[in-house]
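Position 1 is the first residue of the sequence; numbering continues from there.
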Amino acid sequence: MTVRDARPDEAAAVAELIHELARIESVDSDVTARQVRSYQERDDSGIIVAELDGRVAGALTFFVRPGLFHGGHWGCLDELIVTATARAGASATRW
């Protein structure tokens, strides 16, 4: 497994992961690849993906904002999703 920044050409795969997360939560999401790319272009947010066997198997989205308490910036993990296939494979792996 490789963990890395998402590439712009993976926006559709990330959007599908968000749709999978929505289905798990029994809600709808109409996020599009275009919205994912827009999120990636921001200076205060990002997407990290897990690649397994050449395919995006998971994603983590985050954003950074200024904080007053420490006088610096802090990050917030926004969404975290792993495909059902990768979750099933992980449960069969012994650590």
Side-chain angles (χ1 to χ4, degrees):
M1 178 179 302
T2 302
V3 177
R4 59 174 172 71
D5 289 334
R7 297 185 310 255
D9 65 331
E10 295 170 321
V14 172
E16 182 50 42
L17 282 168
I18 299 299
H19 296 163
E20 185 168 342
L21 177 60
R23 287 189 296 272
I24 291 168
E25 295 295 322
S26 299
V27 297
D28 292 325
S29 173
D30 59 357
V31 70
T32 65
R34 175 183 247 169
Q35 290 170 309
V36 171
R37 283 189 299 276
S38 177
Y39 189 89
Q40 289 176 290
E41 292 169 358
R42 296 179 54 95
D43 291 334
D44 60 354
S45 61
I47 303 170
I48 297 170
V49 296
E51 180 183 322
L52 184 62
D53 299 327
R55 297 183 59 132
V56 173
L60 176 139
T61 66
F62 65 91
F63 61 90
V64 178
R65 73 170 189 87
L68 293 175
F69 184 75
H70 295 290
H73 289 80
W74 65 276
C76 180
L77 302 181
D78 201 15
E79 290 102 5
L80 172 63
I81 183 65
V82 177
T83 63
T85 303
R87 289 193 311 269
S91 66
T93 304
R94 293 186 181 198
W95 298 96

Residues in side chain to side chain contact (heavy atoms under 4.5 Å, CB included) contact with V82, at least two apart in sequence or another chain: A86, R87
If hydrophobic clusters are built from ILVMFWY residues whose side chains come within less than 4.5 Å, do I81 and L77 share one? no
Do V49 and M1 land in one hydrophobic cluster if side-chain heavy atoms of ILVMFWY residues count as linked below 4.5 Å? no
So which atom in G46 and which in Y39 form the shortest heavy-atom distance, rounded to 0.1 Å? O-CE2, 3.4 Å
List for me each residue that meets side chain to side chain contact (heavy atoms under 4.5 Å, CB included) alongside I48, sequence neighbours excluded, and say none if there are none. V3, D5, L60, F62
Applying side-chain hydrogen bond (donor to acceptor under 3.5 Å, both in side chains), which residue pairs with at least one partner in residues 62-83 are found, sequence neighbours left out? T61-E79
Below 3.5 Å, can you tabulate the donor-acceptor pairs from side chains in residues 29-38 to any protein atom, sequence neighbours excluded?
residue	atom	partner	partner atom	Å
S29	OG	V31	N	3.4
T32	OG1	R34	N	3.4
T32	OG1	Q35	N	3.1
T32	OG1	Q35	OE1	3.4
Q35	OE1	T32	N	2.7

Would a distance-only check, ignoring hydrogens and angles, find a side-chain to backbone donor-acceptor pair under 3.5 Å from Q40 to I47? no
Pairs meeting criterion side-chain hydrogen bond (donor to acceptor under 3.5 Å, both in side chains) with involvement of residues 46-56, two or more places apart: R4-E51
Atom pair OG1/CD of T85 and E20 - distance to nearest 0.5 Å: 7.5 Å
So which atom in L21 and which in L80 form the shortest heavy-atom distance, rounded to 0.1 Å? CD1-O, 4.3 Å
For R23, all residues meeting salt bridge (charged side-chain N to carboxylate O under 4.0 Å, His left out), sequence neighbours excluded: E16
Going by chain and number, the hydrophobic cluster around V27 (ILVMFWY, side chain to side chain under 4.5 Å) further includes none
Nearest atoms (heavy-atom pairs only) where A59 meets L17: CB-CD1, 3.7 Å
